[in-house]
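Scope of the values below: all heavy atoms of this structure, side chains included, with no hydrogens, waters or symmetry mates.
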There are 2 protein chains.
Amino acid sequence: MRQATLEKDIRDSILDAVGRLLGHYGYKKMTVDDIAHEAGIGKGTIYLYFPSKEEVALGWIDRANKELLEQLNLITASDLPPDERIRRFLLTRVMFRFDSVQQFAQSLDELYVAMRPIFHARRNRYHDAESQVLAHALAQGRVVGIFHCEDENAVARLMLLATNSLLPYSLSAGELGQRDEIEAKVLGIADMILNGLLRRDTSACVIARIVHEKPE
Amino acid sequence: MRQATLEKDIRDSILDAVGRLLGHYGYKKMTVDDIAHEAGIGKGTIYLYFPSKEEVALGWIDRANKELLEQLNLITASDLPPDERIRRFLLTRVMFRFDSVQQFAQSLDELYVAMRPIFHARRNRYHDAESQVLAHALAQGRVVGIFHCEDENAVARLMLLATNSLLPYSLSAGELGQRDEIEAKVLGIADMILNGLLRRDTSACVIARIVHEKPE
DNA sequence: CTGGTGACCATATTTGTATTCTGGTCACCA
DNA sequence: TGGTGACCAGAATACAAATATGGTCACCAG
């Protein structure tokens, strides 16, 4: 335990150093020597914990995504009504990332460009994990009768897709817009999905459809 | 008219040439000389129709988006039931772009990188125009009683946002996945938005919420 | 004995210089 | 009068030399 704790401390020190340096220099200008110096360790030590510079940077992103997943799990386990959990889940998922990139706007763009293929795979993994947590929240809602959906996993994936355009991957934080605008958009999409557009009073819909199809 | 027709022919010849060259070389390697030669005109002629090389490329993208908007308008004006128009609208909006970039996968990435700020503004314009067309389709549905939404413009914008992550801007066509997968995702999001997740029988919902909130 | 270290090396990157290329202009002309 | 290609300023490329860096590993302090 003490050994494992010390090991985790060193690993986290390295990742903390990476966070600070990415903010200052960006990925390419940041050297492994820089990271070691900033973390107060030797360069060889980095390679005891990470196979490459690239994996160090990915480790930093992994850690942030792990923190996010923990927050999403807490929301799912909370006392909120299921529909409110969904809203809060989607909001947190987007705004956590929005806030995280605030000080890295240009350097994260450069980082994504530099390691795009492997990062794309990682991102899919993060989203899969988030999707499973959301599916759990949807299942909870179905059990208490608030939701009607037959395949929570499929719906969860679609809900994440529906809000992915607001994530700071494709657009930088500047292009995404103001924080409150992003929040409003996420909540707007969440409510639109929860409530739906089609009226549900069956007779009105049938009549409306018949009226629509009647030739003039 | 004959004058305007000839002028439009030259402009379209230039844009057709751009399309062919972008597929082969990408934006940076394609020269203004190349475009002129491919179009069978002199280099000076390009500058009678476009202020710069960059605007030539943007003109090519503009033309594609104009074609898309025409298709979306046709869908809105069709005889389909309003909910089917919505599905078809969103599907066409994504798949038209997906199909358009098939042969330009890497060169379009390079093009977006090269002119990102101005392209971002153009993209917003395209999406605004599409949003207005969709709002019109939503208004039609409300008039015949199929939809319930109070602000078609806001809902239209949210619906486009909900499917923007499937557009080939942030992800290349390869990263987006197979065509049929994209189609299924778009239709899945469309149906999820149209139908909603929350059950609508009011008494069941109230009881479900009360049961949920009741302390054990 | 073991994890941490920094000297070392192969390769990548940067810098400086010379050369070539290209976006954009405009006087000429059919 | 619209189309054109020679022209030019600046951008981009090619190449060589110099410098930097990712990753390795023999050494060593605890």
Side-chain angles (χ1 to χ4, degrees), chain A residues 1-22 24-61 107 110-111 113-119, chain B residues 1-22 24-61 107 110-111 113-119:
Chain A
M1 39 274 192
R2 187 170 132 70
Q3 174 96 350
T5 300
L6 290 171
E7 189 169 314
K8 188 172 175 356
D9 284 345
I10 295 180
R11 197 172 195 284
D12 276 339
S13 292
I14 294 171
L15 297 181
D16 290 342
V18 166
R20 293 191 291 273
L21 293 170
L22 280 177
H24 279 298
Y25 308 124
Y27 177 67
K28 286 209 165 189
K29 277 203 156 97
M30 171 183 75
T31 69
V32 182
D33 254 325
D34 288 338
I35 299 172
H37 191 267
E38 180 76 17
I41 58 179
K43 191 165 74 163
T45 308
I46 307 280
Y47 293 93
L48 294 179
Y49 294 86
F50 300 94
S52 66
K53 179 190 177 186
E54 186 173 72
E55 286 291 336
V56 177
L58 287 168
W60 179 75
I61 296 177
S107 61
E110 179 223 12
L111 192 134
V113 166
M115 54 176 78
R116 187 187 179 116
I118 192 167
F119 180 73
Chain B
M1 40 270 184
R2 188 170 132 71
Q3 174 96 350
T5 300
L6 290 171
E7 190 170 313
K8 188 173 176 353
D9 285 346
I10 294 180
R11 197 173 194 282
D12 277 340
S13 292
I14 294 171
L15 297 181
D16 290 343
V18 165
R20 294 191 290 273
L21 293 169
L22 279 177
H24 279 297
Y25 307 124
Y27 177 67
K28 288 210 165 189
K29 276 198 155 100
M30 172 183 73
T31 70
V32 182
D33 254 327
D34 288 337
I35 299 171
H37 191 266
E38 179 75 17
I41 57 178
K43 192 166 74 165
T45 307
I46 307 282
Y47 292 93
L48 295 179
Y49 294 88
F50 300 94
S52 65
K53 179 188 178 187
E54 185 174 71
E55 285 291 336
V56 176
L58 287 167
W60 178 74
I61 296 176
S107 61
E110 179 223 13
L111 192 134
V113 166
M115 55 178 77
R116 184 185 183 118
I118 191 166
F119 180 73

Exercise for review: Could you let me know what C:dA30 is paired to, Watson-Crick or G-U wobble, both distances under 3.5 Å, or none if it's on its own?
Suggested key: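 In the structure as shown, C:dA30 has D:dT1 as its Watson-Crick or wobble partner.
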Check your understanding: Who does C:dC1 pair with, Watson-Crick or G-U, both distances under 3.5 Å?
Key ->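 C:dC1 is paired with D:dG30.
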Review point. If we ignore angles and hydrogens, is there a donor and acceptor under 3.5 Å between the side chains of B:S13 and B:D16?
Key: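 B:S13 vs B:D16: no donor-acceptor pair found between side chains.
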What is the distance, to the nearest angstrom, from the [atom1] atom on [X] to the [atom2] atom on [N]?
X	N	atom1	atom2	answer
B:M30	C:dG23	CE	C1'	12 Å
B:L21	C:dG23	CG	P	12 Å
A:K43	C:dC9	NZ	P	13 Å
A:I35	D:dG23	CD1	P	10 Å
B:H37	C:dT22	NE2	C1'	16 Å
A:K28	D:dA20	NZ	C1'	14 Å
A:D9	C:dG3	CG	P	16 Å
B:D33	D:dG5	CG	C1'	9 Å

Looking only at side-chain N and O atoms, does [X] come under 4.0 Å of OP1 or OP2 in [N]?
X	N	result
A:T45	C:dT5	yes
A:K53	D:dG22	yes
A:Y47	C:dG4	no

Check your understanding: In this structure, which one of A:L48, A:I41, A:D9 forms a side chain to side chain contact (heavy atoms under 4.5 Å, CB included) with A:I14?
Key -> A:I41
Exercise for review: Ignoring the backbone of A:T31, work out which of C:dG24, D:dT21, C:dT22 is nearest its side chain.
Suggested key: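 The nucleotide sitting nearest to the side chain is D:dT21.
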Point to revise | Rounded distance (nearest 0.5 Å) linking atom NZ of A:K43 with atom CG of A:D34 | key: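 So the NZ of A:K43 and the CG of A:D34 are separated by 10.5 Å.
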Check your understanding: For B:G40 and A:D34, take the nucleotide of DNA chain D holding the closest heavy atom to each; which residue's nucleotide lies nearer the 5' end?
Key ->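 The residue mapped nearer the 5' terminus is B:G40.
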Check your understanding: Which is true for A:I41 with a 4.0 Å heavy-atom rule: it touches a base, it touches only sugar-phosphate, or it touches nothing?
Key ->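 Answer is sugar-phosphate: A:I41 comes under 4.0 Å of backbone atoms only.
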Check your understanding: Which heavy atom of B:K28 sits nearest a heavy atom of B:K53, and at what distance?
Key -> O-NZ, 3.6 Å
Check your understanding: Which heavy atom in A:Y27 sits nearest to a heavy atom in A:E54, and how many Å separate them?
Key -> OH-CA, 3.3 Å
Check your understanding: Of B:G44 and B:K29, whose closest DNA chain C nucleotide lies nearer the 5' terminus?
Key -> B:K29
